[in-house]
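Below, read A as the first sequence line, B as the second, and so on, with proteins coming before strands; counting in each chain starts at 1. From a predicted model like this one, the values you see are computed outputs, not experimental measurements.
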2 protein chains.
Amino acid sequence: MIEVMSSPAYGEPMTGYGQFCAVARALEVLGERWTLLIVRELLMGSTGFNEIRRGLPRIPTATLATRLRTLEGAGIITGGDDGYSLTAAGRDLFPVVASLAAWASQPGRAEIRDDHLDTAALTWDIQRRIDLEAIPARTVVIEFEFTDRPGGDRRYWLHVGRRRVDLCRTDTGDEVSVWMCGRVADITDWWIARKTWRELLDQPGVEISGDRDLIHAMPTWFLGYALAS
Amino acid sequence: MIEVMSSPAYGEPMTGYGQFCAVARALEVLGERWTLLIVRELLMGSTGFNEIRRGLPRIPTATLATRLRTLEGAGIITGGDDGYSLTAAGRDLFPVVASLAAWASQPGRAEIRDDHLDTAALTWDIQRRIDLEAIPARTVVIEFEFTDRPGGDRRYWLHVGRRRVDLCRTDTGDEVSVWMCGRVADITDWWIARKTWRELLDQPGVEISGDRDLIHAMPTWFLGYALAS
DNA sequence: CGGGATCCTTGACGATACTG
DNA sequence: CAGTATCGTCAAGGATCCCG
């Protein structure tokens, strides 16, 4: 048998695109499901396997493991003792991720639907975008309550201090300084800069209570969604 | 039955990512296999179904039909009597395509392998990047011969004139003014600007023969790969 | 010839359970 | 914490045929 065709045989998968075009070659590496979102997590500073999972609550562990190995093979990340980190080639993917975000952020492009709202992903993103410099000296506990969510996805406790930030899904018993209640959609809209802090407070169902001074200072603590336009 | 989980039931596909992140929302629309390459074809000026296919020789027709409908539903293209065309949202995808190309064009990122070389895709891209202004008044026929390819993929005839360009896979009998012979890899390297015209001519196995004056003028006719860095 | 629809096969993806 | 093992489903891929 002499194989003349360069196309794969029947039933054989065509993994690549068979194109010299740089877009096609890029997509052979980056185009698989989840891959660019994993890169986004690494760009945001995650390094550990489960740290990445917290940013991508719905990724199957097997898929994440496979993708990390593919990215390593492509020279985009390296895996060491202290977790995964981007290589120079990986850091250079920021413009790709940013241009996708910029496109989707325009009105009427890829509107936010209910199934995009996830309290775990949201609070995890908030947790890593806190301005430690702006936080008061003593550790503060902020309780988030998503009033349109059931038990497990409803309440989160954010422990913020000068040195570190911790996100908990259980009440540790530490005194809560500020409560923030509202629907996921409204708080998400504020986070991605589609609503200002004022507009958020004016939403029906949104309420912030607790220490007056802290509430006044709070808006400066949050850096907001990193890829907002 | 009360569905508490927002995750799909067993066996049901999880089409989305369940993320508010703009990157995830963009990829829900654009992240499927072939989609961004179809957008690239449209950005390059293709409008017809089979015109897109010529730029993507390996896409299954069923997949192309499905993708076009998805893109239409997402407001990225519109389908009319004179074929498909990009909407404003679609044209705004240029930075996404360009950033992917720029990333892959850097050395050591996504190297060109043998299975990326496709004479059909290459000649088709050459054909649409001809500077009609630079072409001589009379129609000229250029014959490409890829010396490392068998029968069907070996010879192409490019008929170029002030008004139009035609790419043929058969000899129409029209007098050939210039022959261009070489291996696919070398001619591709020239096309994507990894080799200059001079360097191409110096490659072993590359030969250009025919009308001296035309050969001298030729380099200015070709605009080169549109997404070269 | 442009623009598909249809049939069939395979493997990528997702869910769940289990392990060093 | 960081995966592997197993299994089920569905979409991608290839070939063929159809229609105006």
Atom pair distance, as rounded to whole Å: CG in B/Leu56 and C1' in D/dA12: 15 Å
Please report the distance, rounded to the nearest Å, between CG in B/Leu37 and C1' in D/dA12. 14 Å
When you compare the protein's N or O atoms with those of nucleotides 2-4 of chain C, which come within less than 3.5 Å of each other, and at what distance?
| residue | atom | partner | partner atom | Å |
| --- | --- | --- | --- | --- |
| C/dG2 | O5' | B/Asn50 | ND2 | 3.4 |
| C/dG3 | OP2 | B/Phe49 | N | 2.6 |
| C/dG3 | OP2 | B/Asn50 | N | 3.1 |
| C/dG4 | OP2 | B/Tyr84 | OH | 2.3 |

Under 4.0 Å between a side-chain N or O of A/Trp34 and OP1 or OP2 of C/dA12? no
Of all residues at least two apart in sequence or in a different chain, which pass the salt bridge (Lys or Arg N to Asp or Glu O under 4.0 Å) check with A/Asp118? none
Whole-Å distance between C/dG14 P and A/Glu32 CD? 11 Å
For A/Asp171, enumerate each residue passing the side-chain hydrogen bond (donor to acceptor under 3.5 Å, both in side chains) test, keeping only those at least two apart in sequence or located in another chain. none
Mark yes or no for whether B/Trp103, through its side chain, and A/Ala89, through its backbone, hold a donor-acceptor pair below 3.5 Å. yes
Hits for salt bridge (Lys or Arg N to Asp or Glu O under 4.0 Å) against B/Arg169, two or more places apart or cross-chain, chain-then-number order -> B/Asp153
Show every donor-acceptor pair shorter than 3.5 Å between a side-chain atom in residues 222-229 of chain B and any protein atom, with sequence neighbours excluded, or say none if there are none.
| residue | atom | partner | partner atom | Å |
| --- | --- | --- | --- | --- |
| B/Tyr225 | OH | A/Ala22 | N | 3.0 |

Rounded to whole Å, CD1 of B/Ile59 lies from P of D/dA15 at a distance of 15 Å
Below 3.5 Å, can you tabulate the donor-acceptor pairs from side chains in residues 43-51 of chain A to any protein atom, sequence neighbours excluded?
| residue | atom | partner | partner atom | Å |
| --- | --- | --- | --- | --- |
| A/Thr47 | OG1 | A/Glu51 | OE1 | 3.3 |
| A/Glu51 | OE1 | A/Thr47 | N | 3.0 |
| A/Glu51 | OE1 | A/Gly48 | N | 3.1 |

Quantify the bending of the helix from C/dC1-D/dG20 to C/dG20-D/dC1 as the angle between its end axes, each fitted on five pairs, to 10°. 40°
Run the side-chain hydrogen bond (donor to acceptor under 3.5 Å, both in side chains) test against B/Glu143 and tell me which residues pass, sequence neighbours left out. B/Arg155, B/Trp157, B/Trp179
Rounded to whole Å, CD of A/Glu72 lies from C1' of D/dG3 at a distance of 14 Å
When the side chains of residues 69-79 of chain B are checked against the rest of the protein, which donor-acceptor pairs come out under 3.5 Å, sequence neighbours left out?
| residue | atom | partner | partner atom | Å |
| --- | --- | --- | --- | --- |
| B/Thr70 | OG1 | B/Thr66 | O | 3.1 |
| B/Thr78 | OG1 | B/Ser85 | OG | 3.4 |

Could you state the CD1-C1' distance from B/Ile38 to D/dA12, rounded to the nearest angstrom? 13 Å
